[in-house]
Amino acid sequence: MSRSLEPLFGFVPRNVNAKDVEKALNGDINPFTKSPHSGQYKKILEGRKKLPVYSQMDEFLQTFQANQITVMVGETGSGKTTQIPQFVAYSDLPHTRGKMIACTQPRRVAAMSVAKRVADEMDVPLGKQVGYSIRFEDMTENGTTFLKYMTDGMLLREAMTDPELSRYSTVILDEAHERTLATDILMGLLKALAKKRSDLKLIVMSATLDAVKFQKYFGINGQKAAPLFKVPGRTFPVDVFYTQEPEPDYVEAAIRTVLMIHRAEDPGDILLFLTGEEEIEDACRKIRIEADDLVQQHPDAVGPLSCIPLYSSLPPAQQQRIFDAAPQPRTAGGPPGRKVVISTNIAETSLTIDGIVYVVDPGFSKQKVYNPRIRVESLLVSPISKASAQQRAGRAGRTRPGKCFRLYTEKDFMKELEEQTYPEILRSNLANTILELLKVGVKDLVKFDYVDAPAPETLMRALELLNFLAALDDDGNLTPLGAMMADFPLDPQLAKMLIVSPEFKCSNEILTIVAMLSVPNVFVRPPNLRKEADAAKAMMTVPGGDHLTMLNVYNEYMQNQGDRNWARNNFLNQRALTQADNVRAQLKRNMEKYDIDLVTNTDQRTFYENIRKALVCGFFMQVAHREGEKNMYLTVKDNQIVGLHPSCGLDTTPEWVLFNEFVLTSRPYIRTVTEVRPEWLLEYAPHYYDLTTASFPEGETKRALKSVLAKRKGKSVADTATDDKRGGKKRKTAK
DNA sequence: GAGCACTGC
């Protein structure tokens, strides 16, 4: 066989060196397609050769060959995400062995855009030899794709059907320092799997600060630590400045700093990090006013300043504004304009804005925290970590040397900030994760080798919930129902109610409700059109509960598909509705796979009642009981005082309500609320509502349920179930 | 009478 037509002739899997690889790269024939290279290939290759990681190809190949697990550190701009998987491809030669290389990313856009870039570099069409796989979109070809970029969640899903991950020769976990839930679980699974599958190689790619931790964690088979492969980055230096004294009001200090930069610093755009939508919009308004004042006072010295907000719920078209050029000087030769982007954490990892020279970092972000005692996840404004502060500062040095102004003292940075942001696994409700782990075949969840083990109470809460939902038996084993639930990309409560819904002849409707609950809020409320938006919402409100309203909104949306402006005219979020439709279709396919009937109850008298009963089957642990006269509820068992969220559409305050979420904002609220009947609680969740056990604390809710039970003993069950008089007091009385 | 940090299946 001629060497020129078989560029990989003589290559032995996992025994190649950089010299051979370079020869193949520089050749005229594409070794993976056997076709001549396209015109642009050589040009792209020249660019790749300038990446820091390229010059270390041989060192990498040696490390990769000699070790089953490698920890790799590559700073921003090193080229690791695009190049390392290609180096692995040349060493692994997965296409000759019917295998694939997986490279995981925490975000969908990253998986897509990196795959596109690498397909170009390898001179193959995207979706053939190089592809990507994300929810709702599989851009791979069976038997052809050997390099697959994918979201970490997607690989975790695959592990549930194939715990050996037998299709893969090498798995690369990229951005491991972000410590997403899925990446953390994958690290645990892959560590165990590596001991079982000696042919499987693993590369964990991360930022510097975490490397030693990962090295220690991945020391297996008698090794003390996994080897470290390090590549320098390619960024510009950033000067960091601290305040002399702590700032009592970080928003005010941030605004002041932005204006100071605008007045006194050389041209270059500014990035300011704040914590949320409201804070950002507020700061934008204030900066605009002050900047205008400044221009008025010093028209010859201060140029125009454009202020651009950035957060995830902003429509994509508005997010695009961050790429607009800074404003032109107002007069020819006048002082130059400048742009300031005011952003949440989204600009820390997900979005890169070129041309940023100044970063203003007040040192806070909203972070998820989980309180297992009351089973509540909430968002809290908290100090960021050192790693996060470094990441923020780095945003100033992507195109030229920059400056970062930290609105806290150097001493606070050194002494008060944590090294790393707490990994998500320590800040989340783990019910879903535990179900996934069990499905993958992990037996002992307490002894599972976590990189960071969650609090025992968090595990307890998750196991308890799954047991009450009958996903786990009393010995902690996955039940057939639990195995089915795990296959749905949903929280266990939602999966449970979807699976049981045919018993209430309402699976079509529950399917819709579950899909609507899986997407962001569909109701839009522009600040200047609140009245109109509220009126539009009132038109679609079903008085019996917010879940029923969601069903109604979806159905109306489907009936008005012909009208492109329908969503906007009715103050609904078109994107969210489309997404709900996508989710619904995916879940429907899942149901069909398990032969779960898709049925609708045609009896109008029990239509809504049956839906509410099905809701109880999943959410019986999220029920509250009205106490006293006012809008005051006590959650069952946990006895948390909560109020109906102002967005709630109920026209009365029913005695018993079921809620989708507990939110802790200005005060504790329950959101997305539907009226239920106490008889249903006793009937459909008898274990949870076992009034004889001590685990059910004494109190008003228990007394109320006891009296229901006493009454029920007098009557037949059938009688109580059809007794659908709507209790409750009128909610909206004269103010 | 309030909100949605950010992801992901």
Side-chain angles (χ1 to χ4, degrees), chain A residues 104-111 133-138 150-161 175 178-186 273-281 309-315 343-351 364-369 377-382 384 388 391 421 423-424 427-428 432-433 435-436 439 485-492 494-495 518-527 530-531 533-534 573 576 579 582-583 586-587 590 631 643-649 661 663-672 731-732 735:
Chain A
T104 67
Q105 300 292 321
R107 282 168 293 278
R108 299 161 54 100
V109 266
S133 175
I134 59 180
R135 189 184 188 184
F136 304 128
E137 202 183 348
D138 184 8
M150 62 205 301
T151 47
D152 50 7
M154 208 64 196
L155 187 61
L156 186 54
R157 281 271 140 196
E158 272 193 34
M160 284 165 50
T161 44
E175 315 286 1
E178 287 194 28
R179 303 294 303 274
T180 63
L181 250 174
T183 294
D184 259 32
I185 296 302
L186 283 169
F273 286 100
L274 290 179
T275 66
E277 174 175 347
E278 203 182 321
E279 206 175 82
I280 287 169
E281 293 292 354
L310 177 66
Y311 42 87
S312 75
S313 59
L314 221 49
S343 171
T344 60
N345 255 3
I346 192 169
E348 198 180 296
T349 48
S350 307
L351 275 171
F364 292 95
S365 71
K366 272 192 195 169
Q367 287 166 36
K368 186 170 74 182
V369 285
E377 276 181 355
S378 49
L379 287 171
L380 221 73
V381 173
S382 323
I384 60 171
S388 202
Q391 178 76 15
T421 309
E424 207 185 350
R427 299 184 284 120
S428 308
N432 220 342
T433 305
L435 191 59
E436 285 164 357
K439 175 84 172 187
M485 283 165 60
D487 238 7
F488 286 81
L490 292 170
D491 278 343
L494 293 168
S518 304
V519 302
N521 184 12
V522 295
F523 296 105
V524 182
R525 206 166 177 242
R530 283 194 190 166
K531 258 191 175 162
D534 289 349
N573 179 342
Q579 209 183 327
N582 267 331
V583 173
Q586 187 191 31
L587 295 173
N590 258 350
N631 172 14
L644 297 179
H645 194 272
S647 65
C648 173
E661 51 178 350
V663 289
L664 208 59
T665 51
S666 55
R667 49 178 278 216
Y669 284 112
I670 48 177
R671 192 159 54 190
T672 312
R731 190 170 163 225
K732 278 163 189 144
K735 280 180 195 158

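Letters A, B, ... are given to chains in the order of the sequence lines, protein chains preceding strands, and every chain is numbered from 1.
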**Item:** Under-4.0 Å side-chain N/O to phosphate OP1/OP2 contact, Y669(A) with dA2(B)
**Value:** yes

**Message:** Over all strands shown, is F488(A) touching base, sugar-phosphate only, or nothing at heavy-atom distances under 4.0 angstrom?
**Reply:** nothing

**Asked** For N432(A) and dC9(B), what is the distance between atoms CG and P respectively, to the nearest whole Å?
**Response** 13 Å

**Item:** Most 5' of N521(A) and S518(A) on DNA chain B, judged by nearest nucleotide
**Value:** N521(A)

**Item:** dA2(B) phosphate, OP1 or OP2, under 4.0 Å from R667(A) side-chain N/O
**Value:** no

**Request:** Starting from P on dG8(B), measure out to CD on E175(A) and report it in whole angstrom.
**Result:** 13 Å

**Request:** Go through the steps for R427(A) and E377(A) under the test salt bridge (charged side-chain N to carboxylate O under 4.0 Å, His left out), then give the verdict.
**Result:** CA-CA 8 Å; R427(A) 299 184 284 120; E377(A) 276 181 355; over 6 Å; no

**Request:** May I ask you to say what L379(A) touches in the nucleic acid, namely base, sugar-phosphate or nothing, with a heavy-atom cut-off under 4.0 Å?
**Result:** base

**Message:** So, using ring-ring contact (aromatic ring centres under 6.0 Å, His included) as the criterion, who are the partners of F364(A) when residues are at least two apart?
**Reply:** Y250(A)

**Item:** R135(A) side-chain N/O to dT7(B) phosphate OP1/OP2 under 4.0 Å
**Value:** no

**Request:** Have a look at I134(A) and say if it touches a base, only the backbone sugar-phosphate, or nothing, with a 4.0 Å heavy-atom cut-off.
**Result:** sugar-phosphate

**Asked** Which whole-number value in Å describes the distance from D184(A) CG to dG8(B) C1'?
**Response** 14 Å

**Request:** Return the value, rounded to whole Å, for the distance between atom CD of E377(A) and atom C1' of dA5(B).
**Result:** 13 Å

**Request:** State whether the distance check finds a donor on one side and an acceptor on the other, under 3.5 Å, for side chain R525(A) versus base dA2(B).
**Result:** yes

**Request:** Whole angstrom is fine here: how far is it from CD in E424(A) over to P in dA5(B)?
**Result:** 16 Å

**Asked** Just wondering, do N432(A) and P492(A) contact through their side chains at under 4.5 Å, heavy atoms?
**Response** yes

**Item:** OP1 or OP2 of dC9(B) under 4.0 Å from side-chain N/O of T151(A)
**Value:** yes

**Request:** Could you tell me the separation between the CE atom of M150(A) and the P atom of dC9(B), rounded to a whole number of Å?
**Result:** 10 Å

**Asked** So which nucleotide from dC4(B), dG3(B), dG1(B) ends up closest to the side chain of D534(A)?
**Response** dG1(B)

**Request:** Look at all strands and tell whether S365(A) reaches a base, only sugar-phosphate, or nothing, counting heavy atoms closer than 4.0 Å.
**Result:** nothing

**Message:** When you compare the side chain of S312(A) with that of T344(A), does any pair of heavy atoms fall below 4.5 Å?
**Reply:** no

**Request:** Answer with base, sugar-phosphate or nothing: what part of the nucleic acid does T180(A) contact at a heavy-atom distance below 4.0 Å?
**Result:** nothing

**Request:** For M485(A) and dC9(B), give me the distance from atom CE to atom C1', rounded to whole Å.
**Result:** 15 Å

**Message:** I'd like to check the ring-ring contact (aromatic ring centres under 6.0 Å, His included) partners of Y669(A); sequence neighbours left out, ordered by chain and number.
**Reply:** H645(A)

**Request:** Tell me what E277(A) touches on the nucleic acid: a base, only sugar-phosphate, or nothing, going by heavy atoms under 4.0 Å.
**Result:** base

**Fill in**
When rounded to whole Å, the CG to P distance for the pair L644(A) and dA2(B) reads 13 Å

**Complete:** Checking dA2(B), dC4(B), dA5(B) against the side chain of K368(A) (C-beta onward), the nearest is dA5(B)

**More than 12 heavy atoms of other groups within 6.0 Å of E137(A) CD** = yes

**Prompt:** With nearest nucleotides of DNA chain B determined for D491(A) and R427(A) from heavy-atom distances, which residue corresponds to the more 5′ nucleotide?
**Reply:** R427(A)

